[in-house]
Amino acid sequence: MNTITVRIADFAVGASDAVLVTNGIGSCVAIALYDPSARVGALAHVLLPNEMLSASSEPAGRCASSAVPVMVRRIRELQGAGELQARLIGGASMFAPLLIPGALSLGARNIASARAALAVAEIPVVGEDVGGDHGRSVRFDLASGSLVVASVAKGDVRL
């Protein structure tokens, strides 16, 4: 197996010989895309809810609206994108005491932007482990499509 680590504000794409891993998902959102028939997938570690909050020279994985289209294109280049499905992980409210009453946390805004980007791309969300107040890590095995979310708060969760 070829293990590929996805860093914050980045993404990776692979075929059935790859395992995509990302750690330290707090208010960020991990977006996993998978084509089960081709066993091709992608994983992004999205940092911000929209492009307006990021620098003009943003990497494609910095926000969902730029990450999702690039991931779909790269999956197609690997002969995938027949029937894509998505899973969302993260979007925790890590800094709740700093919130203005009634304001959405950065995590909630990241979740909403990921869902919106997937809706535009017409990719259904088939599993999610989002929200809460705890961090997570992801291990995404593209051979089987198995995605395991690890967290201290909930233990391992399979999506």
Heavy-atom distance under 4.5 Å between the side chains of [X] and [Y], does that happen here?
X     : Y     : value
Val46 : Cys28 : no
Thr3  : Val21 : yes
Leu84 : Val72 : yes
Leu43 : Ile31 : no
Gln85 : Pro36 : yes
Asp10 : Ile8  : no

Do the side chains of [X] and [Y] join up, straight or via other hydrophobic residues, at under 4.5 Å, putting them in one cluster?
X      : Y      : answer
Leu78  : Ile123 : yes
Val126 : Val68  : no
Val6   : Val29  : no

Item to check | Non-neighbouring partners of Glu128 that pass side chain to side chain donor-acceptor pair (under 3.5 Å), sequence neighbours left out | outcome: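 Expected list: Arg115.
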Item to check | Results of side chain to side chain contact (heavy atoms under 4.5 Å, CB included) for Ala119 - residues two or more places apart only | outcome: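 For Ala119 there are no side chain to side chain contact (heavy atoms under 4.5 Å, CB included) partners, ignoring immediate neighbours.
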Checklist entry - How is the hydrophobic cluster of Val120 composed, in terms of its other members, when Ile, Leu, Val, Met, Phe, Trp and Tyr link through side-chain heavy atoms under 4.5 Å apart, directly or indirectly? => result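 Besides Val120, the hydrophobic cluster comprises nothing; the residue is isolated.
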Next on the checklist: Quick one: does any side-chain atom of Arg87 pair with a main-chain N or O of Leu159 as donor and acceptor, under 3.5 Å?
Outcome noted: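 Answer holds: yes.
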Enter the distance from [X]:[atom1] to [Y]:[atom2] here, rounded to the nearest 0.5 Å.
X     : Y      : atom1 : atom2 : value
Ser65 : Leu118 : OG    : CG    : 11.5 Å
Cys63 : Arg109 : SG    : CZ    : 12.5 Å
Ser27 : Leu48  : OG    : CG    : 8.5 Å
His45 : Ile89  : NE2   : CD1   : 10.5 Å
Met71 : Ser66  : CE    : OG    : 9.5 Å

Taking all non-hydrogen atoms of both residues into account, name the closest pair between [X] and [Y] and its distance.
X      : Y      : value
Leu33  : Ala86  : CD2-CB, 3.7 Å
Val70  : Phe11  : CG1-CZ, 3.3 Å
Ser93  : Ser105 : OG-CB, 3.7 Å
Ala30  : Ile25  : CB-CD1, 3.6 Å
Gly90  : Ile111 : O-CD1, 3.9 Å
Asn110 : Pro49  : OD1-N, 2.8 Å

Under 3.5 Å, sequence neighbours excluded: what are the donor-acceptor pairs made by side chains of residues 138-149?
{"residue": "Asp141", "atom": "OD1", "partner": "Ala143", "partner atom": "N", "Å": "2.9"}
{"residue": "Ser144", "atom": "OG", "partner": "Ser146", "partner atom": "N", "Å": "3.1"}
{"residue": "Ser146", "atom": "OG", "partner": "Arg158", "partner atom": "NH1", "Å": "3.2"}

Item to check | Arg136: partners by salt bridge (charged side-chain N to carboxylate O under 4.0 Å, His left out), with sequence neighbours left out | outcome: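 So Arg136 forms a salt bridge (charged side-chain N to carboxylate O under 4.0 Å, His left out) with Asp129.
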Checklist entry - How would you list, by chain and number, every residue that makes a salt bridge (charged side-chain N to carboxylate O under 4.0 Å, His left out) with Arg74, sequence neighbours excluded? => result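 With sequence neighbours excluded, Arg74 shows a salt bridge (charged side-chain N to carboxylate O under 4.0 Å, His left out) to Glu77, given in chain and number order.
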